[in-house]
Amino acid sequence: MNLSKMFSTIDTHVAGEQFRIVTQSPIRLNERDVYANNERLQTSFASEKALLINEPRGHRGMTGCIVTSSRHADFSLFFFSHDGATFKYPGLAAALTALLETGNIRQNESGVYRVETVHGIYELNTSFINGEVKEVQFETDEVGPIEKRPVCEEVTVAGQRKYLVFPFTEEVPELTTTFISEVTRWGRTTVEEWHAAKEEFTGLILADFAAAQQGLARSVTFESDGSITRSAGVDSTIALFAVLRKSYPEMGWLENRSVFDEPIIAETLPEDEKRYSVLLRAIVTGTHEFLFDETDPLRDGFILT
């Protein structure tokens with residue numbers, strides 16, 4: 001056994017979205033700052049990253065998170081994914097929960113931790129009781145602008161990620177697992193149509209706002225390749241919140257549920273109408289050790305769709 005090729009990971013999920021937190025690996029990020037380290041991660045280590053997030057060890061919905069030390073925060077966090085995303089809000093909660101519950105980071109009395117990423121430093125507030133992280137709260141980046149389209153609303157999150165929000169359609173009786181075939185068919189068809197129109201976007205969101213006045217929504221998000229996400233999603237939740245506040249400016253909070261019925265809760269920030277506070281709970285699902293074998297004929301894995 002060649003221990004220099006071993007990966008130690010902690011698997012977590014946040015409302016169904018899976019993250020693989022890498023605590024030990026031969027991936028070395030020793031550049032001068034987070035930007036250089038992120039560039040190195042995104043452009044190198046192709047086989048190592050594939051081993052961690054492709055099947056048979058991973059799957060289409062898996063996102064990898066590399067934990068390193070930080071001179072400015074409690075730790076640094078770098079993302080790698082199938083869709084090329086270099087940052088995901090739920091990964092903050094996933095990584096902090098995994099590190100705290102396994103003793104890889106020391107608990108502090110304040111319950112406040114700082115995480116450095118390529119998109120800045122985020123401050124996370126935790127409720128850590130009897131060895132378990134019950135919840136993680138943090139503030140998002142700005143949401144907006146919102147642009148009205150003929151059949152949808154275009155919303156930009158953090159000035160980078162563009163989502164198209166579509167109202168509920170009769171093609172899908174309900175946004176539940178009972179009608180997952182209809183949901184998936186709508187998503188793939190709509191993604192193809194918008195690609196054919198030469199539109200670029202991070203994701204499409206199909207939303208049911210029937211209970212919006214009670215602060216409730218149900219949605220499903222599709223990535224740009226037509227894949228359905230496993231979670232209501234933080235990006236999607238705050239994008240929906242921004243759209244709803246155009247009609248209901250007094251809304252103070254929103255509970256957004258996925259087709260799997262898992263909620264993500266967001267609240268308004270009195271001092272900033274373009275940013276939100278998000279409350280998440282991450283669940284640790286297992287710890288793993290993987291070996292990178294260059295002679296493995298399937299060392300890069302595969303993806304089943």
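Heads up: numbering here begins at 1 and tracks the sequence.
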Smallest separation among heavy atoms of Val165 and Cys152, with atom names: O-CB, 3.1 Å

Single-linkage hydrophobic cluster Leu279~Leu254, side-chain heavy atoms < 4.5 angstrom: no

Same apolar cluster (I L V M F W Y, side chains within < 4.5 Å links), Ile228/Met62: no

Pairwise side-chain contact, Asp11 with Thr287, heavy-atom cut-off 4.5 Å (strictly under): no

Asp296/Lys5 salt bridge by N-O under 4.0 Å criterion: no

ILVMFWY network linking Ile10 to Phe79, side-chain heavy atoms under 4.5 angstrom: yes

Nearest heavy atoms of Trp253 and Glu267, plus distance in Å: CB-CG, 3.9 Å

Main-chain N/O of Ile27 paired to Ser25 side chain as donor or acceptor, under 3.5 Å: yes

Pair Thr63-Glu17, side-chain donor/acceptor within less than 3.5 Å: no

Side-chain heavy atoms of Lys88 within contact of Val14, under 4.5 Å: no

Gap between atom CG of Leu304 and atom NE2 of His59 - 0.5 Å precision: 11.5 Å

Test item: Phe7 and Pro26 side chains (from C-beta on) under 4.5 Å apart, heavy atoms: yes

Smallest separation among heavy atoms of Gly215 and Met251, with atom names: CA-CE, 4.0 Å

Path from Leu124 to Tyr276 over hydrophobic side-chain contacts below 4.5 Å: yes

Under 3.5 Å donor-acceptor, Lys274 side chain and Pro145 backbone: no

Backbone N/O of Leu175 and side chain of Glu182: donor-acceptor pair under 3.5 Å: no

Side-chain donor or acceptor of Thr126 paired with backbone N/O of Gly111 under 3.5 Å: yes

Cluster overlap Leu240 with Trp186, hydrophobic side-chain contacts below 4.5 Å: no

Any Lys148 side-chain heavy atom under 4.5 Å of Glu153 side chain: yes

Option among Thr237, Asp235, Asp141 that satisfies the side chain to side chain donor-acceptor pair (under 3.5 Å) test with Tyr89: Asp141

Minimum heavy-atom distance Glu199-Lys162, with the two atoms named: OE1-NZ, 3.9 Å

Derivation and outcome, ring-ring contact (aromatic ring centres under 6.0 Å, His included), residues Tyr122 and Phe87: CA-CA 12 Å; Tyr122 293 84; Phe87 176 83; 5.2 Å; yes

Ser236-Ser219 side chain donor-acceptor pair, cut-off 3.5 Å: no

4.5 Å side-chain heavy-atom contact, His119 and Gln160: yes

Check against salt bridge (Lys or Arg N to Asp or Glu O under 4.0 Å), Glu273 and Arg245: CA-CA 10 Å; Glu273 64 180 15; Arg245 290 180 70 191; 5.2 Å; no

Donor-acceptor contact present, side-chain His195 to main-chain Asp225, <3.5 Å: no

Polar side-chain atom of Arg275 near backbone of Thr140 as donor-acceptor pair, under 3.5 Å: yes

Reported CD-to-CZ distance for the pair Glu171 and Phe179, which is rounded to 0.5 angstrom: 14.0 Å

Minimal non-hydrogen separation, Phe222 against Thr184, with atom names: CE2-CA, 4.1 Å

From CA spacing to verdict: side chain to side chain contact (heavy atoms under 4.5 Å, CB included), Leu206, Thr169: CA-CA 8 Å; Leu206 179 62; Thr169 171; 4.0 Å; yes

Side-chain touch Ile303/Asn54, heavy atoms, less than 4.5 angstrom: yes

Heavy-atom donor-acceptor pair, Arg230 side chain to His13 backbone, under 3.5 Å: no

NZ/NE/NH1/NH2 to OD/OE distance under 4.0 Å, Glu116 and Arg114: no

Nearest non-hydrogen partners of Thr12 and Ala98, listed with the distance: CG2-CB, 3.8 Å

Donor-acceptor side-chain pairing of Glu31 and Asn37 below 3.5 angstrom: no

Sub-4.5 Å side-chain heavy-atom contact between Leu96 and Val133: no

Worked check of side chain to side chain contact (heavy atoms under 4.5 Å, CB included) between Asn256 and Phe241: CA-CA 9 Å; Asn256 180 32; Phe241 207 162; over 6 Å; no

Check: Phe45 and Leu29 side chains under 4.5 Å, non-hydrogen atoms: yes

Under 3.5 Å: donor-acceptor pair, side chain of His82, backbone of Ile53: yes

Steps toward side chain to side chain contact (heavy atoms under 4.5 Å, CB included) verdict (Phe78, Val34): CA-CA 8 Å; Phe78 300 92; Val34 292; 4.0 Å; yes

Polar side-chain atom of Asp74 near backbone of Val115 as donor-acceptor pair, under 3.5 Å: no

Sidechain-backbone polar pair: Asp208 side chain, Arg218 backbone, donor-acceptor under 3.5 Å: no

